[in-house]
Peer 1: 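Shown below is the structure under consideration.
Letters go in sequence order (proteins before strands), and every chain restarts at 1.
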2 protein chains.
Amino acid sequence: MTAENKKAAEWIKLLQNSGYRQTEARNTIVEVILETNRALEPLEIFEIARKRQAGLGLVTVYRTLERLEALGLVQRVHQPGACNMYLQAPQGHQHLLICTSCGKAEFFNGDDLTPLMETVAARSGYQITEHWFQLFGCCADCQRK
Amino acid sequence: MTAENKKAAEWIKLLQNSGYRQTEARNTIVEVILETNRALEPLEIFEIARKRQAGLGLVTVYRTLERLEALGLVQRVHQPGACNMYLQAPQGHQHLLICTSCGKAEFFNGDDLTPLMETVAARSGYQITEHWFQLFGCCADCQRK
DNA sequence: CTTATAATTGAAAAACACTTTCAATAATAT
DNA sequence: ATATTATTGAAAGTGTTTTTCAATTATAAG
Ligand SMILES: [Mn+2]
Ligand SMILES: [Mn+2]
Ligand SMILES: [Zn+2]
Ligand SMILES: [Zn+2]
């Protein structure tokens with residue numbers, strides 16, 4: 001059993017514990033998300049998944065993403081070109097690093113933005129509750145090309 | 001002449017220098033953007049502007065935003081609830097601080113993310129070219145309520 | 001292994017947001 | 001004044017996401 005399969009089994013289990021059923025459509029959609037290292041649009045997930053499961057409906061992809069997001073298993077990703085992309089959510093507090101050439105997404109941690117946020121809070125009077133931070137660049141593979 | 005009117009005149013002048021004409025529709029749209037302290041969706045701009053100029057078309061709002069963005073005068077803003085909002089662009093390198101209650105948007109500067117970005121670049125092998133950073137919170141006014 | 005229950009499904013239609021087309025109009029230069 | 005050309009709004013078109021609904025399927029109960 002690969003690491004991906006293991007994780008897929010975990011996700012399905014979590015869905016079941018929340019009262020959802022295990023279905024072929026969900027299995028396939030979860031596999032597609034877990035084996036892809038970049039954020040995907042619903043239509044992309046649909047096209048990949050339908051090759052494995054003929055008859056799958058795009059609407060089921062939308063519905064499954066909704067549930068996975070509610071459980072915190074996937075995360076919506078905004079990019080300049082598309083704002084409705086989904087990616088496996090990180091464990092803990094991490095931020096995204098996205099390759100503008102191939103789309104590959106990695107998480108990084110270790111940002112300590114607390115001092116900056118305190119300064120901004122003090123100056124502005126805002127009570128800061130959330131931050132969006134995302135890096136874009138060219139990955140090592142794409143630099144070689 | 002208020003500060004807003006002055007800025008509106010500047011924007012119109014910049015449009016004209018780029019070969020665009022001064023029209024009532026553009027005047028109104030520019031005024032609406034400049035007097036609002038939060039990011040607006042095209043439809044919101046349209047609804048406010050049409051009260052002042054009956055007959056204005058939504059399509060003109062889209063077209064004007066496109067030109068203003070190309071000139072760097074307005075900036076597209078992504079938020080959890082809406083990804084197609086527009087705001088007067090900042091001067092220089094600044095980031096957004098947005099009130100999750102009333103939507104008020106302010107810019108702040110003084111972030112020095114260079115060390116963090118260098119660390120991430122070294123660890124990941126990415127050549128980092130861009131960063132998105134945005135803070136959310138509750139503004140002083142909304143805290144009182 | 002049935003059977004009952006309720007979630008899930010995909011097709012179709014609807015809603016939505018945005019873009020394109022086009023003929024009429026209006027701003028600007030001559 | 002007149003010619004030129006950008007601009008306009010209505011309408012149609014496009015792509016995306018949501019809703020509706022009857023049929024199907026997963027799961028629990030017997
Ligand atoms: Mn952080
Ligand atoms: Mn910065
Ligand atoms: Zn890459
Ligand atoms: Zn506020």
Side-chain angles (χ1 to χ4, degrees), chain A residues 8-9 11-32 39-71 73-74 76-86, chain B residues 8-9 11-32 39-71 73-74 76-86:
Chain A
W11 284 23
I12 298 295
K13 180 59 82 183
L14 284 165
L15 283 165
Q16 286 182 308
N17 291 344
S18 303
Y20 301 118
R21 295 177 179 177
Q22 174 167 199
T23 67
E24 196 190 343
R26 283 177 187 161
N27 286 338
T28 311
I29 291 165
V30 164
E31 281 166 21
V32 169
L40 296 170
E41 298 183 12
L43 187 62
E44 291 182 278
I45 296 173
F46 169 68
E47 283 167 349
I48 299 168
R50 195 169 54 165
K51 285 178 190 158
R52 305 184 197 173
Q53 194 205 139
L56 175 70
L58 175 57
V59 70
T60 300
V61 174
Y62 277 100
R63 289 191 277 227
T64 302
L65 286 171
E66 198 179 346
R67 281 158 183 69
L68 292 173
E69 191 181 21
L71 291 176
L73 298 173
V74 302
R76 183 173 165 188
V77 176
H78 301 252
Q79 283 183 254
C83 285
N84 224 358
M85 309 184 81
Y86 290 87
Chain B
W11 283 24
I12 298 294
K13 180 58 83 183
L14 283 165
L15 283 166
Q16 286 182 307
N17 292 345
S18 303
Y20 300 119
R21 293 178 180 176
Q22 175 167 199
T23 67
E24 196 190 344
R26 284 176 188 161
N27 286 339
T28 311
I29 292 165
V30 164
E31 281 166 20
V32 169
L40 296 171
E41 297 183 14
L43 187 63
E44 290 182 278
I45 296 173
F46 170 67
E47 282 167 350
I48 300 168
R50 196 168 53 166
K51 285 179 190 157
R52 304 183 198 176
Q53 193 205 139
L56 175 69
L58 175 58
V59 70
T60 299
V61 174
Y62 279 102
R63 289 191 278 228
T64 302
L65 286 171
E66 197 180 344
R67 280 157 184 71
L68 292 174
E69 190 181 22
L71 292 176
L73 298 173
V74 302
R76 183 174 165 187
V77 176
H78 301 253
Q79 281 184 257
C83 285
N84 226 357
M85 308 186 81
Y86 289 87

Peer 1: Tell me: CZ of B:F46 to C1' of C:dC18, nearest whole Å?
Peer 2: 14 Å
Peer 1: Rounded to whole Å, how long is the line connecting atom CG of A:N27 with atom P of C:dT9?
Peer 2: 10 Å
Peer 1: Within this structure, what is the CZ-to-P distance between B:R67 and C:dT19, rounded to whole angstrom?
Peer 2: 12 Å
Peer 1: With a 4.5 Å limit on heavy-atom distance, are the side chains of B:T64 and B:I45 in contact?
Peer 2: no
Peer 1: Output the residues of residues 15-25 of chain B in contact with DNA chain C, where contact means a heavy atom of the residue under 4.0 Å from an atom of the strand; sort by number or write none.
Peer 2: B:Q16, B:R21, B:Q22
Peer 1: Should we say atom CD of B:Q53 is surrounded by more than 12 heavy atoms from elsewhere, each under 6.0 Å from it?
Peer 2: yes
Peer 1: Can you tell me the distance, in whole Å, between the CG atom of B:L65 and the P atom of C:dA17?
Peer 2: 15 Å
Peer 1: Indicate yes or no: at least one non-hydrogen side-chain atom of A:V74 is less than 4.5 angstrom from one of A:W11.
Peer 2: yes
Peer 1: Rounded to the Å, how far apart are A:I29 CD1 and C:dT8 C1'?
Peer 2: 11 Å
Peer 1: Would you mind classifying the nucleic acid contact of B:R26 as base, sugar-phosphate or nothing, using non-hydrogen atoms under 4.0 angstrom?
Peer 2: sugar-phosphate
Peer 1: For residues B:L71 and B:R67, determine if any side-chain heavy atom of one lies less than 4.5 Å from a side-chain heavy atom of the other.
Peer 2: no
Peer 1: Once you round it to whole Å, what is the distance between P of C:dA17 and CG of B:L40?
Peer 2: 15 Å
Peer 1: If you take all heavy atoms of B:A82 and B:E41, which pair is closest and at what distance?
Peer 2: CB-OE2, 3.2 Å
Peer 1: Are the side chains of B:L68 and B:V30 in touch, meaning some heavy atoms are under 4.5 Å apart?
Peer 2: yes
Peer 1: Protein-nucleotides 14-18 of chain D N/O pairs closer than 3.5 Å?
Peer 2:
{"unit_1": "D:dT17", "atom_1": "OP1", "unit_2": "A:N84", "atom_2": "ND2", "d": "2.7"}
{"unit_1": "D:dT17", "atom_1": "OP2", "unit_2": "A:Y62", "atom_2": "OH", "d": "2.1"}
{"unit_1": "D:dT17", "atom_1": "O5'", "unit_2": "A:Y62", "atom_2": "OH", "d": "2.9"}

Peer 1: Report yes if the side chains of B:Q22 and B:L15 come closer than 4.5 Å at any heavy-atom pair, otherwise no.
Peer 2: no
Peer 1: Using heavy-atom distances to pick each residue's nearest nucleotide on DNA chain D, tell me which of B:R63 and A:R63 is more 5'.
Peer 2: B:R63
Peer 1: Could you check whether any side-chain heavy atom of A:E47 comes within less than 4.5 Å of a side-chain heavy atom of A:L43, counting everything from C-beta outward?
Peer 2: yes
Peer 1: When you look at CZ of A:R50, are more than 12 heavy atoms from neighbouring residues, nucleotides or ligands closer to it than 6.0 Å?
Peer 2: no
